[in-house]
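Remarks on the structure that follows.
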Amino acid sequence: MPTDSPPADPAATPILGKPLAEAVRERVRERVAAVAVRPTLAVVVASTDPAVAKYAEAKGRGAEKLGIALEIAIVEPEAGQGALEDRIDALSADPDIHGILLELPVDKRLDAESAIRRIDPAKDVDGLTPINLGLIAAGREADALAPATPLACLALAESVTPIAGKRAVVIGRGRSVGRALAPMLVNRDATVTICHTKTPDLAEAIAPAELVFVAAGKAGLIGPAHLKPGQVVIDAGINVIDGGIVGDVDPAAGGVVAALTPVPGGVGPLTSALIFDTLMRALDLQGSGGAA
């Protein structure tokens with residue numbers, strides 16, 4: 001009699017962003033049709049990196065499908081910091097512009113942090129200005145424009161399990177994800193641990209968590225040995241390796257955990273849709289979201 005082979009590792013449930021993204025886009029289309037103005041998003045490009053231009057152009061294609069106008073505002077890096085901030089000041093003051101997004105990264109000669117501070121917080125569709133981040137940290141998320149990637153992370157996690165009462169760990173403390181995601185989890189009644197480059201034992205820190213959010217910007221940082229059965233893992237990492245896109249979580253972790261977002265196909269599609277949803281929230285904050 002042949003010896004029974006050991007059972008294969010169970011495959012994690014993939015948490016796909018596309019279905020939720022489609023629902024968000026449909027909501028945005030309905031809102032666009034209902035408002036009296038044509039929502040307009042300005043995307044500021046201050047880099048000669050072709051990838052940055054492609055990101056902006058992709059947003060333009062997405063906006064067109066939703067009936068949203070998109071203006072790409074190009075600032076030549078050699079024009080300097082003053083030119084970049086003057087352009088953002090002008091867009092902030094323009095009543096026909098309802099949202100502003102500074103496409104990152106900017107040229108290394110420019111200061112992105114200083115430029116972000118010039119964005120009108122009511123038009124800050126990336127949710128990165130100190131006022132919006134401060135409102136989120138103060139528990140006043142309803143009054144803020146929140147960053148799209150943390151919103152996507154939360155929505156994907158909630159599509160699998162309620163967040164309230166769960167233990168969550170956030171790996172990464174960057175401005176665009178981790179620093180906003182941690183207080184947003186607290187606002188949803190999770191108990192939160194934050195890990196970063198100085199955390200001595202990631203596996204030990206992750207072990208008690210039911211929800212694991214990874215946004216450290218390092219390919220393969222989290223592998224099967226860091227995780228345990230039953231955990232829900234949201235991978236917000238984007239890393240270009242050999243011309244392809246990979247996350248911060250080794251795909252082999254899918255043999256351990258209960259559910260995992262793929263990269264690509266998880267957080268990214270939903271983030272792209274939520275930027276336009278945030279634009280419609282910005283219209284409301286500006287008092288421009290009245291019915292047509």
Side-chain angles (χ1 to χ4, degrees), residues 17 20-47 49 51-75 83-106 110 112 115-129 131-133 143-152 155 175-177 180 267-292:
L20 294 181
E22 288 293 346
V24 170
R25 282 192 285 267
E26 184 57 34
R27 182 170 73 227
V28 171
R29 288 188 193 98
E30 292 174 359
R31 285 282 288 121
V32 169
V35 296
V37 299
R38 188 180 186 193
T40 301
L41 173 64
V43 178
V44 181
V45 176
S47 171
D49 184 344
V52 174
K54 287 182 180 178
Y55 295 148
E57 291 164 4
K59 290 181 178 69
R61 293 190 294 271
E64 185 177 4
K65 293 176 182 177
L66 298 172
I68 289 170
L70 186 138
E71 174 185 321
I72 297 180
I74 297 175
V75 178
L84 172 59
E85 295 186 2
D86 286 347
R87 189 63 176 275
I88 291 174
D89 288 346
L91 293 169
S92 291
D94 186 343
D96 294 326
I97 298 294
H98 307 109
I100 302 169
L101 185 153
L102 177 62
E103 197 71 74
L104 300 174
V106 301
L110 301 172
I116 288 169
R117 289 196 294 270
R118 305 300 282 261
I119 298 173
D120 178 351
K123 297 184 178 184
D124 171 29
V125 296
D126 241 359
L128 297 181
T129 56
I131 287 178
N132 280 319
L133 290 175
D143 299 323
L145 294 178
T149 301
L151 285 172
R175 183 188 188 115
S176 61
V177 185
V267 174
L270 185 53
T271 295
S272 297
L274 284 167
I275 287 170
F276 300 113
D277 194 53
T278 302
L279 175 66
M280 302 312 296
R281 288 203 67 242
L283 248 70
D284 291 334
L285 288 179
Q286 297 159 38
S288 303

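The figures here come from the full heavy-atom set of this structure, side chains too, leaving out hydrogens, waters and symmetry mates. Sequential numbering from 1 along the given sequence is applied to the chain's residues.
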Check: So do D124 and D126 actually touch side chain to side chain, heavy atoms under 4.5 Å?
Finding: yes
Note to self: I'd like to know if E85 and R117 make a salt bridge, using a cut-off of under 4.0 Å between side-chain N and carboxylate O.
What the structure shows: no
Check: Going by an N to O cut-off under 4.0 Å, is there a salt bridge joining E30 and R27?
Finding: no
Next item on the list: Give the intermediate values and the outcome of salt bridge (Lys or Arg N to Asp or Glu O under 4.0 Å) for residues E26 and R29.
Entry: CA-CA 5 Å; E26 184 57 34; R29 288 188 193 98; 3.3 Å; yes
Item checked: Between D89 and S92, a side-chain donor and acceptor under 3.5 Å -> no
Note to self: I'd like to know whether D96 forms a side chain to side chain contact (heavy atoms under 4.5 Å, CB included) with T40, so could you lay out the CA-CA distance, the side-chain angles of the two residues, the decisive distance to 0.1 Å, and finally the verdict.
What the structure shows: CA-CA 7 Å; D96 294 326; T40 301; 5.9 Å; no
Note to self: As an exercise, state the distance from NZ of K54 to NZ of K59, rounded to the nearest 0.5 Å.
What the structure shows: 14.0 Å
Next item on the list: Could you tell me whether a side-chain N or O of T129 sits under 3.5 Å from a main-chain N or O of G127, the two making a donor and an acceptor?
Entry: no
Note to self: Does any part of the side chain of P269, heavy atoms only, come nearer than 4.5 Å to the side chain of S272, both counted from C-beta?
What the structure shows: no
Margin query: Minimum heavy-atom separation for L91 and I97, please, with both atom names.
Written below: O-CB, 3.8 Å
Next item on the list: For the pair R31 and D284, find out whether any cationic side-chain nitrogen is under 4.0 Å from an anionic carboxylate oxygen.
Entry: yes
Checklist line | Test: R61 and E64 ion pair at under 4.0 Å | finding: no
Checklist line | R87 (side chain) donor-acceptor with V44 (main chain) under 3.5 angstrom | finding: no
Margin query: Donor-acceptor pair, distance only, cut-off 3.5 Å: does the side chain of K123 make one with the backbone of L279?
Written below: no
Margin query: Ignoring hydrogens, what is the shortest heavy-atom contact between V106 and A112? Give both atom names and the distance.
Written below: CG2-CB, 3.8 Å
Notebook entry, point to check: Under 3.5 Å, side chain of N132 to main-chain N/O of P121, donor-acceptor pair present?
Noted result: yes
Next item on the list: For residues L151 and T278, determine if any side-chain heavy atom of one lies less than 4.5 Å from a side-chain heavy atom of the other.
Entry: yes
Check: How many angstroms lie between atom CD1 of I74 and atom OG of S47, to the nearest 0.5 angstrom?
Finding: 11.0 Å
Note to self: A quick test of your reading: do over 12 heavy atoms of other residues, nucleotides or ligands sit less than 6.0 Å from CD1 of I131?
What the structure shows: no
Item checked: Option from V32, V24, L66 for which side chain to side chain contact (heavy atoms under 4.5 Å, CB included) with F276 holds -> L66
Note to self: To the nearest 0.5 Å, what is the distance between CE on M280 and CG on L41?
What the structure shows: 11.5 Å
Notebook entry, point to check: Looking at I275, V177, L274, L270, which hits side chain to side chain contact (heavy atoms under 4.5 Å, CB included) with T149?
Noted result: V177
Next item on the list: Can you see which heavy atom on V75 is nearest to which on A83, and at what distance?
Entry: CG1-C, 4.2 Å
Next item on the list: Quick one: closest heavy-atom pair of L20 and A155, and the distance?
Entry: CD1-O, 3.8 Å
Checklist line | Smallest separation among heavy atoms of I68 and P39, with atom names | finding: CG2-O, 3.5 Å
Next item on the list: For H98 and L283, indicate whether the former's side chain and the latter's backbone hold a donor-acceptor pair under 3.5 Å.
Entry: no
Note to self: Can a donor-acceptor pair be found, under 3.5 Å and without considering hydrogens, that links the side chain of R175 to the backbone of L128?
What the structure shows: yes
Margin query: Could you check whether any side-chain N or O of Q286 sits under 3.5 Å from a backbone N or O of A122, counting only pairs where one atom can act as donor and the other as acceptor?
Written below: yes
Margin query: To check you understand the geometry: which heavy-atom pair defines the closest contact between L145 and R281, and what is its length?
Written below: CD2-NH1, 3.8 Å
Note to self: Let's go through L70 and I72 carefully: what are the C-alpha distance in whole Å and the side-chain angles of both, what is the deciding distance for side chain to side chain contact (heavy atoms under 4.5 Å, CB included) to 0.1 Å, and is it a yes or a no?
What the structure shows: CA-CA 7 Å; L70 186 138; I72 297 180; 3.5 Å; yes
